[in-house]
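Reviewing the structure listed below.
When a ligand or atom number is given, it counts from 1 through the structure's own listing order.
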Amino acid sequence: MPDTPVNGSQVLVLNCGSSSLKFALINSRNGDASLSGLGDALGQSAPSVSWKIAGEKHNATLSEGAKHTEVIEFVVTNILSGQGSLLKQIAAIGHRVVHGGEKFSHSVRINDQVISAIQDCVALAPLHNPAHLQGIEAATKAFPGVPQVAVFDTAFHQTMPRHAYIYALPYTLYEEHGIRRYGMHGTSHRFVSERAALLLGKPTDDVNIISAHLGNGASIAAIQAGKSVDTSMGLTPLEGLVMGTRCGDIDPGILLHLGVRLDYCMKEINDLLNKKSGLLGISQLSNDCRALEQAATEGHQGAQLALEIFCYRLAKYIASYHGVLSQVDALVFTGGIGENSAFIRENVLNRLSGLGYQVCESSNLGMRFGAEGAIESSSSQAPTPKVLVIPTNEEWVIARDAAEIIGKDGSPASAQPQGGT
Ligand code: AMP
């Protein structure tokens, strides 16, 4: 755990998307959020901001076309200023940044060099990185002098060995264009693997974990001695598991078929793979796991098939990561589906009985709405892996990293970008 002050620092955590901005004021020591909120529909005709403070929910509309700057100004002027000391307590601002390419294997304090490195990674995350840069610029104006830290989704996976991240494509595509597997959800995989180590009573660098982050976006990571050695997302978040609207792994020949035989243009292919596939595409009903579970119990065949494929593909990845890791201490479920869906967890674990997994039905059913703990059957014999449900908390990781970095500012090991591609 980072070395933070006894009472923790208050860190304003910002997660800027292309048309949204999530914000939260987090205590770096315990992860408590004294404020959380969302600016939505930014740049559009009716942007809005909603927030929760002291247990009460509020919302407001912003002027037409308002963007990240206006949301941050609103947070400062209309929310934090009214709370007296809250504004003064902000020790740092932590930004979630989706893509750090090969330049960042750790979180870093933001300076001009870091901004330009994030800019260099725009080609790898064209929707996200520009929005993060807007957020950094807006926060710099609104909080002059307050240190800012960038926490990268890709950083945790920078420990993957070359054989896990190089595609079987001409090597020059990697050398000249950085085309390789980077992985995402690193902040979540890191959080739950550290938490799992704590629950197992072992040091983080002494545990082997398979971490399944299952939300609308989904990825799985093989973590050896606390370090990511493989993960299912690749150059982009499209690769890997079946997701809400993304296809995950497919035969790349399908792209050629769509383009050459069926005359799809690039935009149509992009929309098809990212927005119309996955659970939504198979079921032709919804991308929402809860809705599909309900429909499946009512006999909807598309929903049943979508859930079967989701579980089958996930089970295949888990089994393959048993081959990647010499020994597995725990399988962790996290993300909206992983944390809440007893149905998905049971279906997946039943497929893995050959690896010794057994699910305890009552523990599994009870594990939702933020509960944390084990769900394996008490009758299962050691040394089968424990099965843990751990609610993720990416905001807390961002707050912890920010507090640690400002505490250690000037430490080149953790505060400087790594060598580039
Ligand atoms: P996330 O992207 O992490 O917010 O997760 C969103 C996904 O979690 C959606 O597919 C939701 O349907 C799913 N989810 C949330 N709660 C439940 C639940 N109780 N049962 C099944 N799926 C759930």
- Query: For residues 191-215, which residue pairs qualify under ring-ring contact (aromatic ring centres under 6.0 Å, His included), counting only residues two or more places apart or in two chains?
  - Reply: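 Non-adjacent pairs meeting ring-ring contact (aromatic ring centres under 6.0 Å, His included): H185-H213, F191-W396.
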Item checked: H189/H157 aromatic ring centres below 6.0 Å ->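 H189 vs H157: aromatic centres under 6.0 Å.
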- prompt: Are Q10 and L12 close enough that some pair of their side-chain heavy atoms sits under 4.5 Å apart?
  reply: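 In short, these two side chains do not touch, never coming nearer than 4.5 Å.
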Notebook entry, point to check: Should the heavy atoms of other residues, nucleotides or ligands under 6.0 Å from CD of E268 be counted, would the total exceed 12?
Noted result: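 Check passes, neighbour count above 12.
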Quiz prompt | Rounded distance (nearest 0.5 Å) linking atom CD1 of I26 with atom OG of S34 | solution =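 Answer for the CD1-OG pair, I26 versus S34, is 7.5 Å.
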Discussion item. By the definition side chain to side chain contact (heavy atoms under 4.5 Å, CB included), identify the one residue from V332, V207, I390 that meets it with L199.
Written reply: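 The single option meeting the side chain to side chain contact (heavy atoms under 4.5 Å, CB included) with L199 is I390.
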Check each N or O atom of ligand 1 against all protein N or O atoms and list the pairs under 3.5 Å, with atom names and distances to 0.1 Å, one per line.
residue: ligand 1; atom: 2 (O); partner: N216; partner atom: N; Å: 2.9
residue: ligand 1; atom: 3 (O); partner: G336; partner atom: N; Å: 2.9
residue: ligand 1; atom: 8 (O); partner: I337; partner atom: N; Å: 3.3
residue: ligand 1; atom: 10 (O); partner: C289; partner atom: N; Å: 3.0
residue: ligand 1; atom: 12 (O); partner: D288; partner atom: OD1; Å: 2.7
residue: ligand 1; atom: 12 (O); partner: D288; partner atom: OD2; Å: 3.3
residue: ligand 1; atom: 12 (O); partner: C289; partner atom: N; Å: 3.1
residue: ligand 1; atom: 12 (O); partner: R290; partner atom: N; Å: 3.0

